[in-house]
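So that we are looking at the same thing, I have put the structure below in structure tokens.
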Amino acid sequence: EDRVLWHNAAAGALLGSHRTGELTACLLDDLVSFDVAPDPARADRLLVRVLSTVTADGDELVEMVSADLDDGEVLLQLIEAAPVDDTARRQRDFRSALMELGQPSHAHIDDDEFFDVFMRRAVDVVPGAQGGSILRLDAPSDHFHFVAAHGFALARLRTETLARAEMLRGVDDPVASISYELDVERLEPEKAEWMRTVGRAEEIATSVSAPVVSAGETLAFLNLNNFDDRDAFDDTAVEMTTLLGRLIADLLRRRDLEAALRAERESYRHLAHHDPLTGLANRRRVEDALAEAAAEAS
């Protein structure tokens, strides 16, 4: 009902210390005023809206980023208004991207869309990134296949897999690292030629990449590229890429757990309506079906 259910101390401080005890259960419109200003650059983004400057007590205080949660509630992030330089803007965009990419609703989109959204947002927010790719392990094999790409022809990337030894860097250390040259000559001739043409290996000036590690197991691999500047990536890009790799690991683990839970619920639902020995519908299912048919007929 547009009322505040919970807030942290920072929100109270931004909206005025005298308001701190009054925020819970207040209508949002009574606390702030704002105009919705859609950003065309974010038109294709999932779930996140960036609103214009918010005012409270006549003072311009914050920008607001909102994200819809599965239960109908909305998570609001309040950002203190300040002169925005490039560093502050990158930090703000990165925080917003983490909010968006961590949304529970991502559990309800298919894997291709999930990885595509993640790839595009990573290229958007990591300074220096002009393209990139995500590879996922084909368990129980030792090969990785491409599931998302930006700046590359994904359909052509999907024609090949890369073995662990062909990844051109270690795949077990979850901390991102910068690479300046891709040594494709140590690969088999056909694979090396594929990396030069489809993988654009000779066009890449520098890369920052991070394995996606969960419970000690490498599940995927995030790679961001710059094609123009050898010095495009710095320590900030390394830190951001490391965090994005960890977020992918968390989201993949959550998606797997939610998929298992849905399967378990479906199994229980089936058991409730079918004989466990024959698999035939039981009395309860027949009664439900008769009730549905009677309701439809009437």
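Residues take their numbers from the sequence shown, with the count starting at 1. Side chains included, hydrogens not; waters and symmetry mates left out as well; all remaining heavy atoms used.
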Legend entry - Side-chain donor or acceptor of Asp112 paired with backbone N/O of Phe115 under 3.5 Å: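 Not at all, since once roles are kept as given, no pair shorter than 3.5 Å links the two residues.
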Legend entry - Residue that, paired with His150, satisfies side chain to side chain contact (heavy atoms under 4.5 Å, CB included) out of Asp124, Val123, Leu224, Ile134: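 Between His150 and the candidates, side chain to side chain contact (heavy atoms under 4.5 Å, CB included) is satisfied uniquely by Val123.
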Inset, instruction - Spell out, as yes or no, whether a donor-acceptor pair under 3.5 Å connects the side chain of Thr206 to the backbone of Ser179. - result: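 Side chain of Thr206 to backbone of Ser179: a pair is present.
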Inset, instruction - Please answer whether the main-chain N or O of His270 pairs with a side-chain N or O of His274 as donor and acceptor at a distance below 3.5 Å. - result: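 Flag set: sc His274 to bb His270 pair under 3.5 Å.
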Legend entry - Phe152 side, atom CZ; Ser133 side, atom OG - distance, nearest 0.5 Å: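 Going from the CZ atom of Phe152 to the OG atom of Ser133 covers 6.0 Å.
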Inset, instruction - Can you establish whether the number of heavy atoms outside Asp235 located under 6.0 Å from its atom CG is more than 12? - result: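 No, CG of Asp235 has 12 or fewer neighbouring heavy atoms, counting only those of other groups under 6.0 Å.
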Inset, instruction - Please round to the nearest 0.5 Å and tell me the distance separating atom CG of Leu137 and atom NE2 of His145. - result: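 Output value for this atom pair is 9.0 Å.
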Legend entry - Arg3 side, atom CZ; Cys26 side, atom SG - distance, nearest 0.5 Å: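 The SG atom of Cys26 is 8.0 Å from CZ of Arg3, to the nearest 0.5 Å.
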Inset, instruction - Determine yes or no for a side-chain-to-main-chain donor-acceptor pair under 3.5 angstrom, with Glu166 supplying the side chain and Ala163 the backbone. - result: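 Flag set: sc Glu166 to bb Ala163 pair under 3.5 Å.
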Legend entry - Val238 backbone acceptor or donor facing Thr241 side chain under 3.5 Å: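 The answer is no, because no donor-acceptor pair under 3.5 Å joins these two groups.
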Legend entry - Arg200 charged N/C atom sitting above Phe227 aromatic ring, 6.0 Å / 45°: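 So Arg200 does make the cation-pi contact.
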Legend entry - Backbone of Val184 reached by a side-chain donor or acceptor of Lys191 within 3.5 Å: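 Not a single qualifying donor-acceptor pair exists.
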Inset, instruction - Verify the neighbour count for atom CD of Glu190: are there more than 12 heavy atoms of other residues, nucleotides or ligands below 6.0 Å? - result: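 Not more than 12 within 6.0 Å, no.
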Legend entry - Gap separating the CG atom of Asp228 from the CD atom of Glu203, nearest 0.5 angstrom: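 It comes to 10.0 Å.
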Inset, instruction - Verify the neighbour count for atom CD of Gln130: are there more than 12 heavy atoms of other residues, nucleotides or ligands below 6.0 Å? - result: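 Atom CD in Gln130 is crowded, with more than 12 foreign heavy atoms closer than 6.0 Å.
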Legend entry - Spacing of Leu162 atom CG and Leu135 atom CG [to the nearest 0.5 Å]: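 It is 6.0 Å, given to the nearest 0.5 Å.
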Legend entry - Contact check, side chains of Phe118 and Leu251, non-hydrogen atoms, under 4.5 Å: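 A side-chain contact exists here, since the closest heavy-atom pair is under 4.5 Å.
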Inset, instruction - Ignoring hydrogens and angles, tell me if any N or O in the side chain of Asn282 forms a donor-acceptor pair with the backbone of Arg285 under 3.5 Å. - result: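 Checking the backbone N and O of Arg285 against the side chain of Asn282, a donor-acceptor pair under 3.5 Å is found.
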Inset, instruction - Starting at CG of Leu222, measure out to CG of Leu243 and round the result to the nearest 0.5 Å. - result: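 Going from CG on Leu222 over to CG on Leu243, the span is 11.5 Å.
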